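For reference, the structure discussed in these notes is given below.
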Amino acid sequence: MEDRITYVGLDVHKEGIVVAVAEGGLRGEVREYGRIANTAAALDRLVRKLGGEGVRLRFCYEAGPCGYGIQRHLSARGHECVVVAPSLIPKRAGDRVKTDRRDAAGLARLHRAGELTAVWVPDAQHEAMRDLVRARLDAVHALRRARQQLSGFLLRQGCHYGRPAWTKLHRRWLAGLKFEQAVHHIVLEDYIAAIEAAEARRDRLTAQIEAMLPDWTLASVVAALQTMRGMALVNAATLIAELGDLSRFANARQLMAYLGLVPSEHSSGASVKRGGLTKAGNKAARRLLIEAAWCYRFPARVSRELRLRQEEQPRPIRGIARKAQLRLCTRYRKLARSGKPANVVTGAIARELAGFIWAIARCVPPAAG
């Protein structure tokens with residue numbers, strides 16, 4: 001006799017979890033279970049009450065700020081648990097009532113119907129690397145903000161450098177500035193100190209990424225991606241930390257769609273209308289690919305730094321990287337000459353770049369970890 005399946009929807013919050021249960025079968029009952037504490041002991045009690053002889057439990061909850069701890073806890077105890085993409089949950093038109101109980105019941109019902117899209121759940125080590133690269137991105141944003149604040153202060157005081165900023169010559173120019181008000185010197189020194197602190201934080205986190213990388217199961221994929229133009233160590237590590245194991249994508253088009261680099265479409269009958277990029281999926285990974293795409297506006301060449309990164313990689317990977325550079329540099333110039341806007345050109349190059357990244361990742365199986 002087959003086990004009876006019970007679908008459990010969890011609406012997760014910091015302090016508590018609202019639980020709803022859907023019995024197996026298309027017309028099975030969907031009922032509210034109640035609220036439990038968001039603790040491991042409370043989850044174990046829930047499993048004991050809902051489970052039993054001949055009962056299989058299938059849990060689901062939305063991805064959110066509470067992370068993947070619940071999924072790991074339930075999976076370690078032999079229960080199926082999926083983390084759902086919130087943006088892909090079907091919504092009924094005209095539904096204007098939202099409560100925790102309705103959300104939990106809706107998750108249980110849709111999970112039973114197979115209408116939910118699960119996200120990829122990283123292991124603890126991968127999540128730690130992702131947190132590290134995101135901390136570095138936060139440091140980069142803080143540095144940019146500190147520099148903008150200093151530039152705004154100098155603009156208000158009528159001080160214009162007129163040359164590339166944040167070089168050694170620029171810092172010497174800052175040190176030689178004179179103001180009528182003595183307090184402005186204090187303000188200048190404070191802004192400079194904030195910039196130096198942000199730079200130190202960025203460099204410190206960059207060093208931590210380099211130190212953690214050799215022990216990571218996807219380090220070989222990161223090294224292989226560095227054979228490509230625009231993919232130095234930090235960019236490659238950040239991209240793989242955000243995307244995870246690329247082998248879960250059956251083809252390159254799935255990766256492009258996941259990154260939101262494919263055009264939107266609104267077609268009906270004989271009318272076909274395509275718009276801008278969907279911009280779905282991982283925002284940080286998409287931004288990195290757009291930044292890398294700008295490198296291909298220059299003619300194809302292998303710099304000394306790029307050659308050093310390619311030396312220890314096998315010939316098939318170097319061949320894909322070479323093919324990518326030749327194609328993308330040529331395509332960038334062709335699209336630019338046709339009069340396409342720069343953002344449209346870089347979006348197209350980033351989309352094809354994602355395809356080459358997928359091809360390289362296929363050649364490098366992740367190390368056992």
Side-chain angles (χ1 to χ4, degrees), residues 122-123 125-148 164-167 195-246 255 258-259 261 281-298 301-313 317-318 320-321 324-325 328 346 349-350 353-354 356-361 363-364 366-367 369:
D123 57 28
Q125 185 191 29
H126 189 106
E127 190 174 14
M129 176 61 83
R130 180 183 290 179
D131 290 336
L132 182 58
V133 299
R134 287 180 177 178
R136 186 189 177 277
L137 285 176
D138 290 339
V140 171
H141 294 158
L143 174 59
R144 184 181 300 120
R145 185 165 54 251
R147 287 176 171 177
Q148 288 172 344
W166 316 117
T167 61
I195 292 172
E196 291 175 348
E199 289 176 340
R201 180 190 174 198
R202 178 201 59 189
D203 296 341
R204 188 166 57 247
L205 290 170
T206 301
Q208 288 297 324
I209 292 174
E210 295 175 355
M212 185 177 175
L213 192 59
D215 298 327
W216 191 20
T217 55
L218 294 176
S220 56
V221 181
V222 174
L225 290 188
Q226 292 181 61
T227 59
M228 302 190 68
R229 195 174 191 171
M231 281 288 156
L233 186 144
V234 172
N235 281 5
T238 302
L239 185 67
I240 295 302
E242 293 291 345
L243 296 180
D245 186 5
L246 299 185
L255 177 59
Y258 174 80
L259 289 166
L261 291 171
N282 193 289
K283 179 180 177 181
R286 183 171 61 254
R287 182 186 59 80
L288 281 175
L289 287 175
I290 293 293
E291 288 183 355
W294 283 99
C295 299
Y296 294 93
R297 68 188 187 275
F298 303 111
R301 63 181 292 268
V302 179
S303 64
R304 181 179 181 276
E305 180 184 359
L306 182 58
R307 190 176 299 279
L308 290 175
R309 299 204 304 259
Q310 293 179 348
E311 280 183 350
E312 297 183 0
Q313 295 301 316
I317 292 177
R318 296 200 308 269
I320 294 174
Q325 183 169 180
L328 296 181
T346 52
I349 299 302
L353 179 60
F356 285 108
I357 287 173
W358 177 83
I360 287 180
C363 298
V364 189

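Note: hydrogens, waters and symmetry copies are ignored here, and every other heavy atom, side chains too, is used. If you're wondering where the values come from, they're calculated on a predicted model, not measured in any experiment.
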### Task
Begin from the C-alpha positions of Met231 and Leu289 and carry the test side chain to side chain contact (heavy atoms under 4.5 Å, CB included) through to its verdict.
CA-CA 9 Å; Met231 281 288 156; Leu289 287 175; 3.9 Å; yes
### Leu233 backbone acceptor or donor facing Glu210 side chain under 3.5 Å
no
### Query
Short question: side chain of Arg309, backbone of Thr227 - any donor-acceptor pair under 3.5 Å?
no
### Message
Less than 4.5 Å apart, side chain to side chain, heavy atoms only: is that true for Ile317 and Met228?
### Response
no
### Evaluation steps, side chain to side chain contact (heavy atoms under 4.5 Å, CB included), between Leu218 and Met129
CA-CA 10 Å; Leu218 294 176; Met129 176 61 83; over 6 Å; no
### Query
Given side chains that start at C-beta, do those of Glu199 and Arg147 come closer than 4.5 Å, heavy atoms only?
yes
### Flag side-chain contact, heavy atom, 4.5 Å: Leu243 against Ile357
no
### Task
Find out whether Val221 and Asp245 are in side-chain contact, i.e. whether some heavy atom of one side chain is under 4.5 Å from a heavy atom of the other.
no
### Query
Are Lys283 and Glu242 close enough for a salt bridge, meaning some N to O gap below 4.0 Å?
no
### Query
Could you state the interatomic distance from CD1 (Ile209) to CG (Leu205), rounded to the nearest 0.5 Å?
7.0 Å
### Query
Do Arg136 and Leu132 come within less than 4.5 Å of each other through their side chains, counting heavy atoms only?
no
### Query
Have Arg229 and Gln325 got a donor and an acceptor in their side chains that come within less than 3.5 Å?
yes
### Task
Give a yes or no on whether Arg287 atom CZ has more than 12 heavy-atom contacts from other residues, nucleotides or ligands under 6.0 Å away.
yes
